[in-house]
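Structure first, then comments.
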Amino acid sequence: MHQESTQSSEMLMFVVSFAALVCTVAARPSLNYLENHFAVENESEEVRSAAIKRLLEVFGMEDPPAIHGHKQPPQYMLDLYNTVADVDGVTKDPYLLEGNTVRSFFDKLRSEQVEFRFNLSTVARTEKILTAELHLFKLRPQATLTFNRHHFCQVSVYQVLDTTKTNNTQEKKLLSSRLIPVHSTGWEVFTITQAVRSWMVDEGSNLGLHVVVRTLGGSQMDMKLIRFASGRNHHQSKQPMLVLFTDDGRRSTTLESTDPNDTTATSSLPHAPMSGPPSRSARSLDYSEEEGMSMSCQRLPLYVDFEEIGWSGWIVSPRGYNAYHCKGSCPFPLGQNMRPTNHATVQSIINALKLIKGIETPCCVPDKLFSINLLYFDDDENVVLKQYNDMVAGSCGCH
């Protein structure tokens with residue numbers, strides 16, 4: 001009896017162990033499943049990588065700029081961005097900005113003297129130099145010298161020249177000069193375009209800039225009376241800065257509005273949600289389309305979120321933008337609300353009358369495009385404001 005009980009227990013343990021083994025095998029993914037799973041994952045990663053690379057090309061970059069930690073962009077660049085772009089980064093007026101790129105560079109020399117040098121290696125040789133400005137923050141005179149008899153001074157900015165070059169006997173070349181109130185404080189701007197253009201032709205000739213302050217009589221001014229903030233001893237918000245306006249030659253298509261007074265496209269555009277889940281109306285449109293009730297050509301939201309893409313570390317503004325997209329049918333007859341071209345109208349008629357086999361209805365596509373502005377840090381931690389054409393569908397039509 002005891003022996004039979006022992007055999008029964010052993011048999012029960014065997015059955016339980018076998019069942020557990022079967023469950024484990026059943027629960028474990030097969031080799032084919034794992035291979036397919038990883039193949040799909042790898043393919044998905046390849047698609048993402050290719051898509052990001054293509055998007056970088058749209059923004060004129062080969063690789064995303066390196067992230068150097070949190071830094072505050074110059075207030076001038078923030079103000080400039082807010083002047084040319086709305087809250088979503090869309091260009092307010094294509095005539096506001098000279099060229100399509102603005103770069104800011106901090107002084108690399110950080111000298112105690114009023115000498116400055118800027119590294120312009122990130123500027124492509126193909127870019128057209130439009131304007132270059134030296135921004136200096138003038139500090140208040142020291143209290144003991146506030147009763148000085150001088151009320152104005154002459155501030156001159158010179159380009160430092162290489163005297164070792166052939167036929168060059170001058171040590172410096174005057175770029176800009178003007179009168180400044182002695183007791184004023186704040187930013188002073190000097191045009192130095194000539195020097196930057198010469199540096200772009202010959203990078204080795206960039207020996208920097210030298211600032212000289214004189215009285216109205218021409219004598220040297222006491223530098224304790226006229227003081228400019230330096231990169232070494234003063235807050236980053238007051239550091240000497242070179243601001244460069246350039247044009248990279250990239251042109252818009254004919255779809256973009258170039259008339260600053262043309263508000264017809266923007267005034268009639270729907271104010272779609274900028275982020276978050278799709279609206280109820282958008283979902284109902286998709287549902288009705290599935291039911292066979294095709295909607296007419298219209299503009300729908302398409303939000304591009306830079307944080308989701310992984311670019312929030314180097315883009316200052318905007319955090320994302322609504323590119324919009326066009327969707328819907330262009331049935332006969334085409335009404336004026338569909339903004340059809342004459343060609344689209346003729347194509348629609350030919351399709352409706354079935355005069356020629358294989359002629360489809362016109363397509364719903366953007367008929368007006370707008371540019372956006374991006375404020376970002378480049379690889380050298382310079383802040384760049386760049387305008388990109390044809391990034392937002394302003395309106396849709398049947399073409």
N/O donor-acceptor pair under 3.5 Å between Thr83 side chain and Asp79 backbone: yes
Whether Asp162 side chain and Ser205 backbone form a donor-acceptor pair below 3.5 Å: no
Thr122 OG1 to Asp378 CG distance, which is reported to the nearest 0.5 Å: 4.5 Å
side-chain contact (heavy atoms from CB on, under 4.5 Å) involving Ala51 - partner list, sequence neighbours excluded: none
Candidate pair Arg125 and Glu203, rule side-chain contact (heavy atoms from CB on, under 4.5 Å), full reasoning: CA-CA 10 Å; Arg125 292 290 182 92; Glu203 191 177 339; 4.0 Å; yes
Separation of Leu207 CG from Lys172 NZ (nearest 0.5 Å): 14.0 Å
Rounded distance (nearest 0.5 Å) linking atom CZ of Phe59 with atom CE of Met391: 3.5 Å
Sequence-distant partners of Cys153, disulfide bond (SG atoms under 2.5 Å apart), two or more places apart: none
Short side-chain to backbone donor-acceptor contact, Asn206 and Asn119, under 3.5 Å: no
By side-chain contact (heavy atoms from CB on, under 4.5 Å) - contacts of Ile349 (at least two apart): Phe332, Thr345, Leu353
Pairwise side-chain contact, Asn100 with Tyr388, heavy-atom cut-off 4.5 Å (strictly under): no
Residue pair Leu300, Gln298: steps toward the side-chain contact (heavy atoms from CB on, under 4.5 Å) verdict: CA-CA 7 Å; Leu300 298 174; Gln298 58 187 276; 3.8 Å; yes
Side chain proximity check, Phe116 to Val211, heavy atoms < 4.5 angstrom: yes
Modelled atom types, side-chain donor and acceptor of Asp367 and Ser395, under 3.5 Å: yes
Side chain Arg227, main chain Arg140, donor-acceptor under 3.5 Å: yes
Pairing residues for Thr131 by the side chain to side chain donor-acceptor pair (under 3.5 Å) criterion, not counting sequence neighbours: Glu98
Interatomic spacing from NZ in Lys108 to CG in Asp380 - rounded to 0.5 Å: 6.0 Å
side-chain contact (heavy atoms from CB on, under 4.5 Å) against Ser176, all qualifying residues, sequence neighbours excluded: Phe190
Members sharing Leu334's hydrophobic cluster (side chains within less than 4.5 Å): Met338
Members sharing Val189's hydrophobic cluster (side chains within less than 4.5 Å): none
Residues clustered with Val212, ILVMFWY side-chain links under 4.5 angstrom: Tyr158, Leu174
Ile372 side, atom CD1; Asn389 side, atom CG - distance, nearest 0.5 Å: 10.5 Å
Whether over 12 other heavy atoms sit under 6.0 Å from Gln154 CD: yes
Within-4.5 Å side-chain heavy-atom neighbours: Phe377 and Val383: yes
Test item: Gln159 and Ser198 side chains (from C-beta on) under 4.5 Å apart, heavy atoms: yes
Test item: Lys368 side-chain N/O and Gly397 main-chain N/O as donor-acceptor pair under 3.5 Å: no
Worked check of disulfide bond (SG atoms under 2.5 Å apart) between Cys326 and Cys297: CA-CA 7 Å; Cys326 299; Cys297 179; 5.8 Å; no
Selection residues 183-195 - residue pairs positive for salt bridge (charged side-chain N to carboxylate O under 4.0 Å, His left out), sequence neighbours left out: Arg178-Glu188
Tyr76 side chain near Glu133 side chain, heavy-atom distance below 4.5 Å: yes
Any Pro74 side-chain heavy atom under 4.5 Å of Phe106 side chain: yes
Candidate pair Arg103 and Leu120, rule side-chain contact (heavy atoms from CB on, under 4.5 Å), full reasoning: CA-CA 10 Å; Arg103 288 185 174 86; Leu120 308 180; over 6 Å; no
Partner of Asn373 by side chain to side chain donor-acceptor pair (under 3.5 Å), out of Asp86, Thr91, Asp88: Thr91
Contacts of Thr215 that satisfy side chain to side chain donor-acceptor pair (under 3.5 Å) - sequence neighbours left out: Ser219
Side-chain donor/acceptor of Thr246 to backbone N/O of Lys128, under 3.5 Å: no
Residues in side-chain contact (heavy atoms from CB on, under 4.5 Å) contact with Leu56, at least two apart in sequence or another chain: Ile52, Met61, Pro64, Trp311
Residues which pass side chain to side chain donor-acceptor pair (under 3.5 Å) with Thr126, listed by chain and number, not counting sequence neighbours: none
Cys363/Cys398 sulfur gamma separation below 2.5 Å: no
Arg319 side chain to Asp305 backbone, donor-acceptor under 3.5 Å: no
Derivation of the side-chain contact (heavy atoms from CB on, under 4.5 Å) call for Thr101 and Val123: CA-CA 10 Å; Thr101 309; Val123 184; over 6 Å; no
